[in-house]
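A short write-up of the structure that comes next.
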Amino acid sequence: MTNPLNPRYDHKEVEQRQWTFWEQGSWFHADENSRKEPYTIIMPPPNVTARLHMGHGLNNTLQDMLIRWKRMQGYNAMWLPGTDHAGIATQMMVEKSLESEGLTRKELGREEFFARCVTWKEENGGLITSQLRRLGCSCDWEREVYTMDEKLSRAVRSVFVKLFRDGYIYRGERLVNWDPKLGTALSDDEVESIETKGSIWHFKYPVENSQTEFVEIATTRPETMFGDTAVAIHPEDERYKHLKGKQVILPFTERRIPIVFDDYVKPEFGSGCVKITPAHDPNDFALGKRHNLPLINIMNEDASLNELVPEEFRGLDRFEARKLVLKKLKEQDLFVEEKKHIHTQPISERSKVLIEPRLSKQWFVGMKELVKPALECVRSGELSFYPENLKKTYFHWLENIQDWCISRQLWWGHRIPIWYCSDCPEVTTGEEDPTQCSHCGSKKITQDEDVLDTWFSSWLWPISPFGWPEETKDLEKFFPSQVLITGSEIIFLWVARMVILSHYTKGKTPFKDVYFNSVICDKLGRKFSKTLGNGIDPLEVIATHGADAVRYTCLSLAPLGGRVKMDPSDFDHGSRFVTKIWNAARFLHSHLESLDENLKDFDDSKLDLPSKWLLNELHDTTKAINDSLTHYRMNEAVELLYNFIWKTFCDWSLETTKDELTNPSSKERKEEILSILVYVFDNMMRLASPLLPFVTEELWQSLPHHPRLDRPESLVIAAFPDAKKLLSFKKESLEWTFVQKLVSGIRSLRSQAGVPPKEKVQAFVKTGKENHKLLQTSISSITKLSNLSHLHFAEEVERPKKSLMGAGLGFTVYVPVSQYLDFEKEKLRLESEKKRIEQIVKGLHSKVSNKDFMARAPEEVVIQTKEQLENMESQLKEISENLSSL
RNA sequence: AGGGGUGUAGCUCAGUUGGUUAGAGCGCUACGUUGACAUCGUAGAGGUCCCCAGUUCGAAUCUGGGCACUCCUACCA
């Protein structure tokens, strides 16, 4: 029989095969009728336009690790996948493709354009979800949803109508972030701030009834002057107090505008006088409200100047108008100076053009009231954040919440279900499209042209996929979910709003915990971004290193919150780990080959020390991993797993049993060793399955069934190890640790003397009687592991001539190394060791002799410290004696 | 300007509620292996836990101040 495993792990082949196997088994599908306790995660839906990036990689691996862990623990685990229709992003994609046909969306018309968007999604929208599958995401793919699905759209419609009828939705004239290129309002979150070098221009407005007096104002946007309705000055500014009650004349127009006093103005900035343009600046808007100033909107939708400006400026683009204004000011001798000025400008995230604050009619959701339960559930601890400090950010935003502008002047999205009546001023809404005005009955009604902000469908994500407003079984079972895993950048945009909406519709908090994953940066600490081109493509790394390696590296690097610096070479670490596991399994198989019958169970009462130690380590690690995962300390769980597999299992256990497996004392003994190793390995595969699902499934399938363990069809539904059901040998484990320390001590002496590894040496161990039995039973292990010819041990041992000495916890060991001994080197070594221990002893001594310490420190700490001191002192004594004898 | 975070080995970072001789991976050094391991193992070098002060019997950990970096929010007429 040959080894069933290839010399090398072929991740590509295995991933494909195992994925198909899982899909056929349908193990990721959760039954809504199951009696098992549900455990739900709702996936933050990626944009349909998205392609998998490392942020998705990290975010989804985190979710997958949790859901797989819970599934193996026997929960009715359901991870809901889906995509978001991404209003602006999709519309832009489709417009781009129209552009190549020489078409615009307006030429195409609304309906046709909408149809194109639908087609686009059908053709390209599946990409991201297939990429998530390649990563191994064990979502309930049969439940996959899309925010434009009929079911979800109905939920959008329902909640809009409900909010409208409850009086939360209103139409208002507000300043919005206007994207002149896309011709739509944007939310604050769709606006980027970019620092730019610009200018600030100073010029003069003449004061009325005076030939000589002017106020000097400063602005970065001279073209907005036609919308000015006041000039503002700080009330305490001595320079201008005499201007109280006066008006100034707006150049190029006949308009007189008042001088108002408001402490919003900073006297030290510019000239201390500010032109006020309420219709085109948020601060001015607020100030205008305080002083009852009129609003003059001077711009068209494309940011060209409209008919309210003097004729020569009409129709000019804002930047053209700026030039002309400056030119004319100079001609009229009103221009003072131009200064260089660095300021941050709002740029549209999508179209990259300068945002223009613009007065327009938009639909809003009044948030002040809705927010209350969302604040309360976090305050009360019903909803927890990981890391906790993000609560502060959350509170700050909710406590200062602004009403939410939900209308977008786009065609792709959920159209606002509002109908205007041409015969009366009222509007009509409803779950179904109305045919007549609900107030006057007129049939002349037209629907609002706008669509809803994409986030208006996103905030329904905890309930809409399950059929809300219907009271479905799914909704009952899978809402609320357990944990939301997402990035902290959308804490307001999405997280807070879902909490708000779930309380509004269902009166419940939509999840128990929110885990905020880290932001991925390059080695220089810069965020991965398309423009910088510094990202790492997860699909490329999956192709070269395998999905498991990608998953391992992502999670091992990523602590809670914060940032993680990632370099392509980090993924080598992941592959190495996978390869190590693969090879350990190959090693087991090479010995299992000779086994001609089924694996027998091992006898608990006949276990030797190293086996008990290994089983105890399995117990402790299992407990620790479960504990770490419970507290969302994923990187900690990953590290525990790594250390157990690599250090404990491979470096110690496989090494200690290697010789015996090759030359077993009996067939039974070999079977026993293999039984233990396979048992532990099987458990290891279970522990690792949530993190490394592919390679573990492959190896687990290849192993013989251990009689002590369940053997379902697939590892993904095998029971996750539970420490309570595992053997533990605390005492024996400590004993074996003593042996390990002794072995390390001997190895260290050998190495320092330069004794070739193949050469056998003797070792003389001086240790208390209590350890003798232990050494006696471990004599062969120690001999093998330290390559000894003889091991001597006794309570009193005289130092052999020409030997090196080492001291450890509870023992002193001498290794004669006559031909390698360098007295000077040994002296130096012992002296430095002596110095080091003296320092420790000194520290411990001062502690113990400190009355306050003895009185106030907890008893166990005192005992521990005393023991330590005793031990260190005896080590020191041994070293000193040896030094003097040299 | 306000808020959050970070500062631990050459690099990337762990270090849970104050008590270990402060850890890991990569890199580095020496030796060994190439019969589980395009390797792996063994042994090692390397730290003022940013600085200052305080609380405490005891501080990498808590408090205050400073320095440096970073993210978020707002504003910049």
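Numbers restart at 1 for each chain; the letters A, B, ... are given by sequence-line order, proteins then strands.
Rounded to an integer number of Å, the gap from NE2 of A:His396 to C1' of B:C72 is 11 Å. The interatomic distance linking A:Trp646 (CH2) with B:G41 (C1') rounds to 11 Å, in whole Å. Protein atom OH of A:Tyr386 is 18 Å distant from nucleotide atom P of B:G5, rounded to whole Å. Remark: P of B:A36 and CG of A:Leu588 are 12 Å apart, rounded to the nearest angstrom. Rounded to whole angstrom, the span from the CD atom of A:Gln752 across to the P atom of B:A43 amounts to 11 Å. We find that CD1 of A:Ile491 is positioned 13 Å from C1' of B:G3, with the value rounded to whole Å. Between the C1' atom of B:A36 and the CZ atom of A:Phe681 lies a distance of 11 Å, rounded to the nearest Å. Atom C1' of nucleotide B:G44 and atom CZ of A:Arg747 are separated by 14 Å, given to the nearest angstrom.
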Mind listing the N/O atom pairs, protein and nucleotides 10-20 of chain B, below 3.5 Å?
residue, atom, partner, partner atom, Å
B:C13, OP2, A:Lys565, NZ, 3.4
B:U16, O2, A:Arg633, NH2, 3.1
B:U20, O3', A:Gln868, NE2, 3.4

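The side chain of A:Lys580 places no N or O atom within less than 4.0 Å of a non-bridging phosphate oxygen (OP1 or OP2) of B:A36. The side chain of A:Arg576 places an N or O atom within less than 4.0 Å of a non-bridging phosphate oxygen (OP1 or OP2) of B:C26. Between A:Ser748 and B:G44 there is a side-chain polar atom (N or O) within less than 4.0 angstrom of OP1 or OP2. Between A:Lys647 and B:G25 there is a side-chain N or O to OP1 or OP2 distance below 4.0 Å. Between A:Trp652 and B:G41, a side-chain N or O to OP1/OP2 separation shorter than 4.0 Å is absent.
With both ends at atom C1', the span from B:A14 to B:A9 equals 13 Å, rounded to whole Å. Comparing B:A60 with B:U48, their P atoms sit 14 Å apart, to the nearest whole Å. Comparing the P positions of B:U33 and B:G46 gives an interatomic distance of 28 Å, to the nearest angstrom. Going from the P atom of B:U21 to that of B:U29 covers 32 Å, rounded to whole Å. The same atom, P, is picked in B:C11 and in B:G5; the two are 25 Å apart, to the nearest Å. Straight-line distance between the C1' atoms of B:C49 and B:A43: roughly 26 Å, to the nearest whole Å. Taking the C1' atoms as reference points, B:U8 lies 10 Å from B:C50, given to the whole Å. Nucleotides B:C69 and B:G23, compared at atom P, are 32 Å apart to the nearest Å.
B:U73 is paired with B:A1 under the Watson-Crick or G-U wobble criterion, all donor-acceptor distances under 3.5 Å. Nucleotide B:G47 is matched to nothing when pairs are restricted to Watson-Crick or G-U wobble geometry with both distances under 3.5 angstrom. Both distances falling under 3.5 Å, in either a Watson-Crick or a G-U wobble arrangement, place B:C13 opposite B:G23. Across all strands shown, B:A68 is found opposite B:U6 as a Watson-Crick or G-U wobble partner, with both distances under 3.5 Å. A 3.5 Å limit on both hydrogen-bonding distances identifies no Watson-Crick or G-U partner for B:U33. Using Watson-Crick or G-U wobble geometry with both donor-acceptor distances under 3.5 Å, B:A59 finds no partner in any strand shown.
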Where do A:His591 and A:Phe587 land on the ring pair (Phe, Tyr, Trp, His ring centres under 6.0 Å) test, with the steps shown first?
CA-CA 7 Å; A:His591 291 288; A:Phe587 175 77; 4.9 Å; yes
Take A:Glu878 and A:Ser874 through the test side chain to side chain donor-acceptor pair (under 3.5 Å) and record every step on the way to the result.
CA-CA 6 Å; A:Glu878 296 291 339; A:Ser874 91; 6.0 Å; no
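Of the listed nucleotides (B:G41, B:A43, B:A36), B:A36 has the atom at the smallest distance from the side chain of A:Asn583. Each of B:A43, B:U42, B:A36 was ranked by its minimum atom distance to the side chain of A:Asp651; first place goes to B:U42.
Using a 4.0 Å heavy-atom criterion, one finds that A:Trp201 contacts no nucleic acid atom at all. Nucleic acid contact for A:Leu654: base, since at least one base atom lies under 4.0 Å from a heavy atom of the residue. Residue contacts shown for A:Arg836 include a base, since a base heavy atom lies under 4.0 Å away. Contact annotation for A:Met854: no contact, since no heavy-atom pair falls under 4.0 Å across all strands. Nucleic acid contact class of A:His573 (heavy atoms, under 4.0 Å, all strands): sugar-phosphate only. Within the 4.0 angstrom heavy-atom criterion, no nucleotide atom of any strand lies near A:Thr393. Among the protein residues, A:Lys851 comes within range of no part of the nucleic acid, since none of its heavy atoms lies under 4.0 Å from any strand. Residue contacts shown for A:Thr579 are limited to sugar-phosphate atoms, with no base heavy atom under 4.0 Å away.
In terms of modelled atom types and a separation under 3.5 Å, the side chain of A:Ser653 and the main chain of A:Cys650 share no donor-acceptor contact. A distance-only check finds a donor-acceptor pair linking the side chain of A:Trp582 to the backbone of A:Asn6 [under 3.5 Å]. A:Arg750 places a side-chain N or O within donor-acceptor distance of the main-chain N or O of A:Asn787, the cut-off being under 3.5 Å.
Taking the centre of each ring, A:His573 and A:Tyr552 come in below the 6.0 Å mark.
Judged as a salt bridge (charged side-chain N to carboxylate O under 4.0 Å, His left out), and not counting sequence neighbours, A:Asp403 has no contacts.
Ionic pairing of A:Glu838 and A:Lys835 is not present here: no N-O contact between side-chain nitrogen and carboxylate oxygen is shorter than 4.0 angstrom. Between A:Arg221 and A:Glu356 there is a salt bridge, with a side-chain nitrogen of the basic residue lying less than 4.0 Å from a carboxylate oxygen of the acidic one.
Applying the ring-ring contact (aromatic ring centres under 6.0 Å, His included) test to every pair with at least one member in residues 738-758 of chain A, sequence neighbours left out, gives these pairs: A:Phe738-A:Phe811.
Toward the 5′ end of RNA chain B lies the nearest nucleotide of A:Lys392, the other residue of the pair A:Tyr264 and A:Lys392 mapping further downstream.
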